[in-house]
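Hydrogens, waters and symmetry mates play no part in the numbers below; they use all other heavy atoms, side chains included. Computed from a predicted model, the values in this text were never measured in an experiment.
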Amino acid sequence: MRILIMAVAAAATATAVLAAGTELRNPEPQTPGLRTPAAFDSIQDRTARSVALFDEMAKVITSPRCMNCHPADNIPRQGDEMRIHRPPMVRGGEASFGPTGLHCNSCHGSENIAVPGHGLDIPGHDPWLLAPASMAWIGLSVPEICVQIKDPARNGGRSLADIQKHHATDGLVGWGWHPGKGRTPAPGTQEIFGQLTQAWIDTGAACPK
């Protein structure tokens, strides 16, 4: 019963926070495009083309839609401003699903939830959770993120093929292009992001310096 009361209170707090935010009245944010792999065919040097492809991928990786869920301090971020999560929330245990008794799904459902009269949805997906602590991106440079993504010790044990599949098909990754009202979607589309990832791998998966 105590956990249920906490969950209801958290959901009410989240709704109240949405109602109080002045950013809710902002116009619907817009997102820039993402170039396809063909745009880099003119780069003759294979390594240079691979680096250029990752730099294009980084437009997605470093967008708030991705970075907010890859914190280094175990505190999720919110909004295009990447502000600290309100109400207060932490990673919790190894599952990155929030603390005991107040898991992420206490407020976040299986899909975005519209708040009547406001311009910012409560985001949702099943599951809704942070990236593993080993995959913290906030505070890292693009070259450092690239090296981390390739490292099985820090990417969840994924091979390059696994990474491509994750980028191209994972539903939580895909949420970044469908974040609901009040949030700027990730650049381009998940399909193009997956294509860029494959092209980056095919050219040697080189990282920027």
Looking at Thr47, is its backbone amide N or carbonyl O close enough to the side chain of Ser50 to form a donor-acceptor pair, meaning the two atoms are under 3.5 Å apart?
no
Using the rule given for side-chain hydrogen bond (donor to acceptor under 3.5 Å, both in side chains), can you reason through Arg46 versus Thr203, listing the C-alpha separation, both sets of side-chain angles and the distance that settles it, and then say yes or no?
CA-CA 6 Å; Arg46 184 171 181 263; Thr203 52; 6.0 Å; no
Under 3.5 Å: donor-acceptor pair, side chain of Gln190, backbone of Asp170:
yes
Taking side chain to side chain contact (heavy atoms under 4.5 Å, CB included) as the definition, give me every residue that meets it alongside Pro179, ordered by chain and number, with sequence neighbours left out.
Arg65, Trp175, Arg183, Pro185
Measuring from atom CD1 of Ile145 to atom OG1 of Thr62, what distance do you get when rounded to the nearest 0.5 angstrom?
7.0 Å
Return each pair, listed once, that meets ring-ring contact (aromatic ring centres under 6.0 Å, His included) where at least one residue sits in residues 52-82; pairs must be two or more places apart or across chains.
Phe54-Trp200, His70-Trp137
Hey, does Cys207 have a side-chain heavy atom less than 4.5 Å from the side chain of Pro143?
no
Between Gln195 and Thr36, is there a donor-acceptor pair closer than 3.5 Å when you use the side chain of the first and the backbone of the second?
no
Calculate, to the nearest 0.5 Å, the distance between atoms CD1 and SG belonging to Ile61 and Cys146 respectively.
7.5 Å
If we only count heavy atoms from C-beta on, is the Ile113 to Asp121 side-chain gap below 4.5 Å?
no
Where the side chain of Ser106 meets the backbone of His103, is there a donor-acceptor pair that is under 3.5 Å apart?
yes
For Asp73, the side chain to side chain contact (heavy atoms under 4.5 Å, CB included) test, sequence neighbours excluded, returns Pro71, Ile75, Arg77
Pairing residues for Thr189 by the side chain to side chain contact (heavy atoms under 4.5 Å, CB included) criterion, not counting sequence neighbours:
Glu191, Ile192
When you measure from the side chain of Asn155 to the backbone of Ile149, do you find a donor-acceptor pair of N or O atoms at a distance under 3.5 Å?
yes
For the side chain of Asp162 and the backbone of Ser159, is there at least one donor-acceptor N/O pair under 3.5 Å apart?
yes
Could you list the donor-acceptor pairs under 3.5 angstrom formed between side-chain atoms of residues 125-133 and any protein atom two or more places apart in sequence or on another chain?
| unit_1 | atom_1 | unit_2 | atom_2 | d |
| --- | --- | --- | --- | --- |
| His125 | ND1 | Pro127 | O | 2.8 |
| His125 | NE2 | Leu172 | N | 3.3 |

Does anything in residues 137-161 pair up under salt bridge (Lys or Arg N to Asp or Glu O under 4.0 Å), and if so which pairs, sequence neighbours excluded?
Asp151-Arg154
Using modelled atom types and a 3.5 Å cut-off, is there a donor and acceptor pairing between side-chain atoms of Asn68 and backbone atoms of Arg83?
no
Flag, side chain of Glu111 to backbone of Gly124, donor-acceptor distance under 3.5 Å:
no
Any side-chain to backbone donor/acceptor pair from Gln78 onto Arg86? Under 3.5 Å, distance only.
yes
Answer yes or no: are there more than 12 heavy-atom neighbours, outside His85 itself, under 6.0 Å from its atom NE2?
yes
Mark yes or no for whether Asp80, through its side chain, and Thr184, through its backbone, hold a donor-acceptor pair below 3.5 Å.
yes
